[in-house]
Amino acid sequence: MTAKIINGRQIADEYLRRIKQNVAKLSTPAIFAAILVGDDPASKSYVSAKKLACNKAGIVPKIIELPKTIDEPKLLHIINDLNQDKNISGILIQLPLPKQINTQTIIEAIDPNKDIDGFHPINIGLLAQKHPRFRPCTPYGIMELLKHTGIHLAGKDVIVIGASLIVGLPMTLELLMKDCTVTTCHAETKNLSNKIKQADIVIAAIGQPNYIKGKWIKENAIVIDVGINRLPDGTLTGDVDFESAKEKASWITPVPGGVGPMTVAMLLQNALLAAALHLT
Ligand code: GUN
């Protein structure tokens, strides 16, 4: 069987249209600040994608570009100003940050009510307690993509490969909220391929091109590929060997055009929520 493709771009565009309708109902514009430190090409392209999606959703991004040499006190000062600024309802800091800056300190400095990335300990804690407010965008988007397949999630065996704050950890919490049985794997995990073979749903966030082979995928499993890896010839590829995996899976996300656009759409969903919260 050849898998059906989960068209993340199309699903994200529908989301952005709906967000735009809701933004139009707000009494003030939805404005969020996106901080980009340094000139990492991947970070720059992610911020550009966010800016483009803002145009589609009627949300106003305030992009703040800072030099990679900025020190932590200066960055904290900027965040504090944004926390106080009544015109700004959401804040995000593009990660990763340069080495001289403690990422955890920065994440904790953002007002949790403006934390549209959902990485603040309060927002992760609320998700862990199954009462989420701002949900980290990639896992949030993946939950929407899974909804699109029509799968009933309760009781499904899911393997999440990766345990980062951005994807793997909140992904595990999202799936627990839907009563899945979740196995979270990381660099120290043993017998990964055997674990993948048991899973009804595979979520790959490893950062290694084409790492997951089709022969490891259970017949009819759903495969969600979070990886965005650039090969030496410039092409983008995921963490899953798409060609072999699509012969085993029932549904699969492409790279590009799968998880990426949904991550951005969910950021704007969070920006809409933040704008609404600031009017109350
Ligand atoms: N870097 C990679 N993914 C993300 C994300 O979702 N949010 C932020 N702020 N930085 C990232």
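Only heavy atoms go into these numbers, but all of them, side chains included; no hydrogens, no water, no symmetry mates. Just so you know, ligand 1 is whichever comes first in the structure, and atom 1 is the first atom listed for that ligand.
The number of heavy atoms from other shown groups lying within 6.0 Å of NZ (K213) is above 12.
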Next on the checklist: Set out, in order, the CA-CA distance, both residues' side-chain angles and the distance that settles side-chain hydrogen bond (donor to acceptor under 3.5 Å, both in side chains) for N229 and D239, then state yes or no.
Outcome noted: CA-CA 7 Å; N229 309 291; D239 292 346; 2.9 Å; yes

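Residue Q94 places at least one N or O, backbone or side chain, under 3.5 Å from an N or O of ligand 1. Polar contact with ligand 1: present for L95 (N/O pair, distance under 3.5 Å).
Proximity of a side-chain donor or acceptor of D117 to a complementary backbone N or O of R135 within less than 3.5 Å is not detected.
What sits closest to atom 3 (N) of ligand 1 on the protein, heavy atoms only, is I166 CG2, 3.8 Å.
Contact annotation for D117 and ligand 1: only side-chain heavy atoms (C-beta onward) come within less than 4.0 Å of the ligand.
V202 and I228 sit in two unconnected hydrophobic clusters of ILVMFWY residues. Membership requires side-chain heavy atoms under 4.5 Å apart, directly or through other members.
Near I93, meaning under 4.0 Å from any of its heavy atoms, are these atoms of ligand 1: 8 (C), 9 (N).
With salt bridges taken as basic N to acidic carboxylate O contacts below 4.0 Å, one links K218 and D200.
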